[in-house]
Number of protein chains: 2
Amino acid sequence: MSSPETASRRALNRDRVLRAAVALADDVGIEALSMRTLAERLGVVPMALYKHVANKEQLLDGMVEVIVAEIEPPAAGADWKDAVRQRILAARRSLLRHRWASQVIESRTHASPVVLDHMESLIATFRAGGFSIDLTHHVMHALGTRMWGFTQEVFPTPAPPADPDARAAMFEQFAARYPRIIEMATAGAHEEESTVGGGCDDQFEFEFALDLLLDGFERLHEQGWTSFRAG
Amino acid sequence: MSSPETASRRALNRDRVLRAAVALADDVGIEALSMRTLAERLGVVPMALYKHVANKEQLLDGMVEVIVAEIEPPAAGADWKDAVRQRILAARRSLLRHRWASQVIESRTHASPVVLDHMESLIATFRAGGFSIDLTHHVMHALGTRMWGFTQEVFPTPAPPADPDARAAMFEQFAARYPRIIEMATAGAHEEESTVGGGCDDQFEFEFALDLLLDGFERLHEQGWTSFRAG
DNA sequence: ACCTGAACACCGTTCAAGT
DNA sequence: ACCTGAACACCGTTCAAGT
């Protein structure tokens, strides 16, 4: 016991800071991740972190790097459509392991090398598949954040009252004003009829839209589409 | 001068609070909008706001309401495809007037009535066009935040150094590692070759992806697609 | 070279008090 | 009924100082 240092206090470096930040965000959520809570978990004073990341923005940049580096590369030998599909679904698997990640990726203003690697790889796949530079450009835009395996779903639900009578009354009022939403929400929900929009299969919806886009890309590619003719 | 009150201090109410918040966010950006800065602009102490909105989350909810209420309804008599397209592009025009709006919409956990009205209207349009409940459901998911006229573009650029020599060196290094990104970025940019990905026409890219999806929807609809057969 | 302690200028929100 | 003032428990980040 010549030193009070534990393993968690030794050898603080950028990598250890980033991994601890990812683990902390996984545990307590991104909104509870602060320079102070992170320092506490590392057994260190807040200012010690600033020797390894310039500020909180750089910390978040680094956290994205860690996650994107986890994306498995697609199997070799697939055609462009399969390769793109596989890479995007692999990104999705990585991102789904960290529920806060999509929000952080969307908030980044600068790309780190791993992020650019992912984009470069997708572009190269389209080009290898014979896509023109022009079509590749628009197709990458059309993917948008979907290239990371996520898109923001916009089906927020009003908070249901705890009291059953009040809940029933609210449902009736809701159904009167929004009959189409109710019709759609209840048609798909087999187990949970109480929550509007509940019971959706996110993975299915993601692949539905992705395949719709990929099929559209294929069609334009086969037709020799250019923005000059269309725009 | 019997009273020191100015027009800006009289008759504080929810509507005036929300409109002031929207104007303030337009002026100084959403990150500089705080309960304190908003109170100051209204000539009032921070706590005065809490009589009109329960907390900051509710303030943001209300700001979304104000903006969504501005969306022009589509002209009557259009077919489903035109009506959906028009409504989404109208939403885009409203959202573009407030550059912070997309970020705030994505962060909402509860839908306000005006938000539900917009969704109800889109769903009703698909149904009136003969779409099955099933297909309508998936199609709404595929639109995602695009139903609000925006999608997050993911083409962040590394910050270019101020020094011209350093910038040239960085560009060369970048081009060596990311040749496809450079190829694509420079092909489309006519005026600004210095910034990677600069010179993109966001409106064109938005409509490109939207039309690709709408064409896909149309094709599935004509084929009588159901998730039971496909899934 | 790396970590610390105290301080600064902010937040959102509470509570009890004023008018 | 509506607004105020002071306080609480947080933030990210600075600076000068320690080892």
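Note that the coordinates shown come from a computational prediction; the quantities given were computed from them, not determined experimentally. Proteins come first, then strands; the chains are lettered A, B, ... in the order of their sequence lines, and each starts at number 1.
The distance from atom CG of A:L12 to atom C1' of D:dT19 is 16 Å, rounded to the nearest whole Å. If you measure from atom CG of A:L38 to atom P of D:dG12, you get 10 Å, rounded to the nearest angstrom. In this structure, B:L49 places its CG atom 10 Å from P of C:dG12, rounding to the nearest Å. Separating the CG atom of A:N55 from the C1' atom of D:dC15 is a distance of 17 Å, rounded to the nearest angstrom. Taking atom CG on A:L42 and atom C1' on C:dC3, their separation rounds to 13 Å, with Å as the unit. One atom, CE of B:M35, and another, P of D:dA9, lie 20 Å apart when rounded to the nearest Å. B:M47 has its CE atom 17 Å from the P atom of C:dG18, to the nearest Å. Distance, A:R36 CZ to D:dT14 C1': 12 Å, rounded to whole Å.
Within the 4.0 Å cut-off from OP1 or OP2 of C:dC2, not a single side-chain nitrogen or oxygen of A:H52 is found.
Few gaps surround CZ on A:R97; more than 12 heavy atoms of other groups in view lie less than 6.0 Å from it.
The pair A:R167-A:D163 does not meet the salt-bridge criterion, since no charged nitrogen lies less than 4.0 angstrom from a carboxylate oxygen. Between A:R85 and A:E207, at least one side-chain nitrogen of the basic residue sits less than 4.0 Å from a carboxylate oxygen of the acidic one, meeting the salt-bridge criterion.
Partner assigned to D:dT13 is C:dA7, using Watson-Crick or G-U wobble distances below 3.5 angstrom.
Side chains of A:R87 and A:S121: a donor-acceptor N/O pair is present below 3.5 angstrom, by distance only.
Nucleic acid contact for B:K56: sugar-phosphate only, since backbone atoms but no base atoms lie under 4.0 Å from a heavy atom of the residue.
Between A:V45 and B:S34, the residue anchored nearer the 5' end of DNA chain C, judged by the nucleotide with its closest heavy atom, is A:V45.
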